[in-house]
Amino acid sequence: MDPYRPFREAASAYAAGMLKQLYGVEEEPRLETGGDIADFTYPCFRLAKTLRKSPLEIASALAGGAGSVSGTIAVSSKGGYLNMSADPVKLASSAVATANRMGDSYGKSVEGGGRMLVEHTSINPTGPMHIGRTRNAILGDTLTRSLRQAGMDISSEYYVNDVGRQVVVLYWGLKRYMAGDEGGKPDHELVRHYIRANQEIEKDEGAASEIRDIQQRLERGDAALIAETRKAAEMVLAGIRESLESINVFHDRFVFESELIKDGSVRRVVERLKALPSAAQEGGAWYLPLDGDREEDRFYFTRSDGTSLYTTRDVAYHMDKLSRAGRLVDVLGEDQKLGMKYLVRTLEMLGESHRIDFLFHSFVSLEEGKMSTRQGVGVLLDDVVREAKERALREVLSRRPELPGEEAEAIAAAVGIGAVRYNIVRLQAEKKIIFRWEEALNFEGSSAPFVQYSHARACSILSRAGEWNCPEPTYEEENELRLARQIALFPSVLRDVAGSMAVHRVATYAQQVAAEFNQFYRVVPVLKAPESRIGSRLALVSASKIAIGNALRCMGIAAPESM
RNA sequence: GGGCGUGUGGCCUAGUCAGGAUAUGGCACUUGCCUCCUAAGCAAGUGGUCGAGGGUUCGAAUCCCUCCACGCCCGCCA
């Protein structure tokens with residue numbers, strides 16, 4: 001249910017009708033959003049050229065005289081624009097009623113569309129997550145939550161690499177250096193052996209060849225060995241999952257790469273690729289020429305020893321995913337772009353119909369440079385979370401020293417984790433991020449606590465109000481109308497995210513509703529309003545709480561009732 | 001060398017896909033506002049050649065070209 005929809009349709013119908021009636025122009029007018037000036041606007045400049053009339057004249061004629069009202073939309077013209085706005089009073093009533101009726105599900109406005117599958121995080125389980133990898137998880141989890149809120153049938157997956165070279169190195173390192181159960185969080189503990197193994201392999205050719213040998217045995221389907229490397233991967237993965245859950249990132253399913261080898265699907269894909277007319281060999285290694293015959297555009301899908309490569313196995317995984325969902329989204333670092341181009345091209349050559357969207361993101365770096373699990377360089381997610389919670393707790397205690405410890409800690413967790421997630425998700429995925437503690441732990445201005453605070457304020461009013469009921473809310477004040485209009489925008493924001501994968505827009509939106517609510521809160525009394533206005537205003541506060549709370553939940557950020 | 005991406009006040013950033021009406025917020029800085037539903041807030045102010053230069057257009061942060069800076073990729077690694 002999108003409160004804007006009937007108004008958008010009315011505006012479109014009005015513009016189309018007037019265009020036809022006055023100028024005989026038959027077109028579906030593409031309406032733009034007019035910012036603060038109008039909800040929908042039709043610029044008349046293009047038409048001015050073909051009609052050889054002034055745009056001002058046309059706009060004014062289309063408006064049929066300034067200030068005319070056509071049913072549910074207000075029509076006017078200015079400077080060559082035909083401006084149409086949803087009657088703000090009607091829109092406000094409708095938006096507030098819709099939000100209150102739908103509650104947690106407010107935001108839903110799409111039906112059907114089939115099953116959808118988002119793959120995200122999927123980091124190699126060789127060590128603890130650093131804040132760079134976390135960006136992927138936050139984007140993917142926010143996307144999943146947002147599309148689900150929009151009404152789509154979506155589930156999320158983590159593709160666990162448990163047979164690739166890096167995990168083999170981990171396995172090799174654990175076997176060699178691990179002394180029984182060492183306690184501690186497994187990802188933090190075991191990564192030491194992984195780092196040490198990498199150093200050893202670099203200087204010892206014998207070790208390097210052991211690694212290659214293990215990889216070959218895995219590929220041949222050595223069940224016992226697969227079970228062992230998988231176990232190594234799972235140990236580290238347990239720690240990673242703990243970290244993910246600490247920031248509210250969840251996956252519906254974990255798919256292990258080794259399963260695709262065991263069930264033969266990798267082998268079948270290799271056979272199908274070899275059978276393609278353009279498949280060729282170079283020194284025993286198979287490849288597909290993807291862009292003419294240039295050597296740099298060859299997609300090698302086997303090594304000369306016959307073993308498959310990462311992208312080959314990823315083709316098998318994508319075919320598996322496509323058998324389970326009509327639409328896929330992959331959330332990946334920008335370094336994967338070329339590989340994914342090969343993957344998509346390969347699926348096409350195999351005649352696999354697909355619908356895959358990619359959400360690529362740039363990296364998070366430190367002021368001193370790149371992060372690397374292998375070299376043990378980077379800011380770890382667990383450290384960021386701990387620091388965020390600690391700092392948030394100090395803030396909570398300084399503001400509300402009387403609060404019981406448990407409650408203070410719960411608020412601090414919501415604020416701290418929210419701040420971390422928000423500061424990553426608020427940025428366009430294409431922008432590189434330089435991690436700075438003071439930004440990641442920002443609690444004011446454009447931040448999670450800002451949004452959470454407005455939610456808590458709304459909750460505070462509602463809890464003081466007690467029982468109330470307002471079947472037909474009405475609004476007239478500027479602040480009320482602006483706030484209600486912002487609430488009405490939520491479903492279209494989610495549809496936009498579903499179409500563009502631009503998850504940062506959820507954050508931008510949350511910031512905007514919260515800002516609007518804070519202004520309303522200062523200027524417009526609710527509980528001390530005139531008797532006749534209290535019901536409508538409580539309904540507006542309640543609708544605000546719903547819109548803000550749902551937006552926060554889309555970002556995996558808790559919406560505390562009190563702060 | 002080739003490809004992909006990014007460049008918006010001192011700093012971070014929205015807007016770029018679908019060109020349009022005074023370029024969005026925040027941080028920092030200056031100044032007001034807590035006998036009033038939580039000041040993690042609100043109001044006001046200082047600060048901009050939208051990387052540079054061409055072009056298209058009635059109109060360009062937005063589209064096209066050239067250049068510059070930065071990130072990423074160009075493995076029989078993942």
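The analysis underlying the following values was restricted to heavy atoms, covering all of them including side chains, and did not include hydrogens, waters or symmetry mates. The model shown is predicted, which means the values in this text are computed figures rather than measured ones.
Ion pairing between a basic and an acidic side chain is recognised when a charged N comes within 4.0 Å of a carboxylate O; A/R212 and A/E205 show such pairing. Ion pairing between A/R485 and A/E480 fails under the 4.0 Å rule for side-chain N and carboxylate O. The pair A/E271-A/R267 fails the salt-bridge criterion, with no side-chain N (NZ, NE, NH1 or NH2) lying under 4.0 Å from an Asp/Glu carboxylate O. A salt bridge links A/R400 with A/E402; the closest basic N to acidic carboxylate O contact falls under 4.0 Å. Between A/E282 and A/R298 there is a salt bridge, since at least one side-chain N of the basic residue sits less than 4.0 Å from a carboxylate O of the acidic one.
The nearest whole Å value for the distance from the CZ atom in A/R495 to the P atom in B/C17 is 20 Å. The separation between A/K545 atom NZ and B/U38 atom C1' is 16 Å, rounded to whole Å. Regarding A/R135, its CZ atom lies at a distance of 16 Å from the P atom of B/G5, rounded to whole Å. The CG atom of A/N518 sits 11 Å away from the P atom of B/G26 (whole-angstrom rounding). Remark: C1' of B/C70 and CD1 of A/I433 are 16 Å apart, rounded to the nearest angstrom. We find that CD of A/Q511 is positioned 13 Å from P of B/G15, with the value rounded to whole Å. What separates NZ of A/K341 from P of B/G2 is a distance of 15 Å, to the nearest Å. Computed from coordinates, the A/H504 NE2 to B/U6 P distance equals 12 Å when rounded to whole Å.
Across all strands, A/E257 comes closer than 4.0 Å to no nucleic acid atom at all (heavy-atom distances). As judged by a 4.0 angstrom heavy-atom cut-off over every strand, A/V168 is placed among residues making no nucleic acid contact. Residue contacts shown for A/K78 include a base, since a base heavy atom lies under 4.0 Å away.
Taking atom P in both B/G48 and B/G2, one finds a spacing of 38 Å when rounded to whole Å.
In terms of phosphate contacts, A/Q512 brings no side-chain nitrogen or oxygen within less than 4.0 Å of OP1 or OP2 of B/U24. Contact between the side-chain N/O atoms of A/R399 and the OP1/OP2 oxygens of B/A40 is found at a separation under 4.0 Å. Residue A/R400 places no side-chain N or O under 4.0 Å from the OP1 or OP2 atom of B/A40. Look at A/R505 and you'll find a side-chain N or O under 4.0 angstrom from OP1 or OP2 of B/G15. Neither OP1 nor OP2 of B/C37 sits under 4.0 Å from any side-chain N or O of A/R537. Close to B/U38, at under 4.0 Å from its OP1 or OP2, lies a side-chain N or O of A/S460.
The environment of A/R230 atom CZ is dense: over 12 non-hydrogen atoms of other residues, nucleotides or ligands sit within 6.0 angstrom.
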Between protein and nucleic acid, restricted to nucleotides 9-13 of chain B and to nitrogen or oxygen atoms under 3.5 Å apart, what atom pairs and distances do you find?
from	atom 1	to	atom 2	distance (Å)
B/C12	O2'	A/R426	NH2	3.4

Grab the N/O contacts between the protein and nucleotides 72-75 of chain B below 3.5 Å, and write none if there aren't any.
from	atom 1	to	atom 2	distance (Å)
B/C72	OP1	A/K370	NZ	2.9
B/C72	O4'	A/E334	OE2	3.3
B/C72	O2'	A/D335	N	3.4

Enumerate the protein-to-nucleotides 57-63 of chain B contacts in which both atoms are nitrogen or oxygen and the separation is below 3.5 Å.
from	atom 1	to	atom 2	distance (Å)
B/C58	OP1	A/K49	NZ	2.8

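A donor-acceptor pair is defined here as one N or O able to donate and one able to accept, closer than 3.5 Å; such a pair exists between the side chain of A/R537 and the backbone of A/P525. The closest donor-acceptor contact from the side chain of A/S122 to the backbone of A/Y159 lies under 3.5 Å. At least one donor-acceptor pair closer than 3.5 Å links the side chain of A/T302 to the backbone N or O of A/W286. Remark: side-chain polar atoms of A/D357 are not paired, donor with acceptor, to backbone N or O of A/D330 under 3.5 angstrom.
Both tests pass for A/R391 against the ring of A/F443: distance under 6.0 Å to the centre and angle within 45° of the axis.
The residue among A/R522 and A/Q519 whose nearest nucleotide of RNA chain B lies closer to the 5′ end is A/R522.
By the 30° and 60° cut-offs, the orientation of the rings of A/F517 relative to A/F520 is tilted. Aromatic ring pairs are classed by plane angle as parallel below 30°, tilted from 30° to 60° and perpendicular above 60°; the pair A/Y509 and A/F490 is parallel.
Of all nucleotides present, only B/A52 satisfies the Watson-Crick or G-U wobble test against B/U66, with each distance under 3.5 Å.
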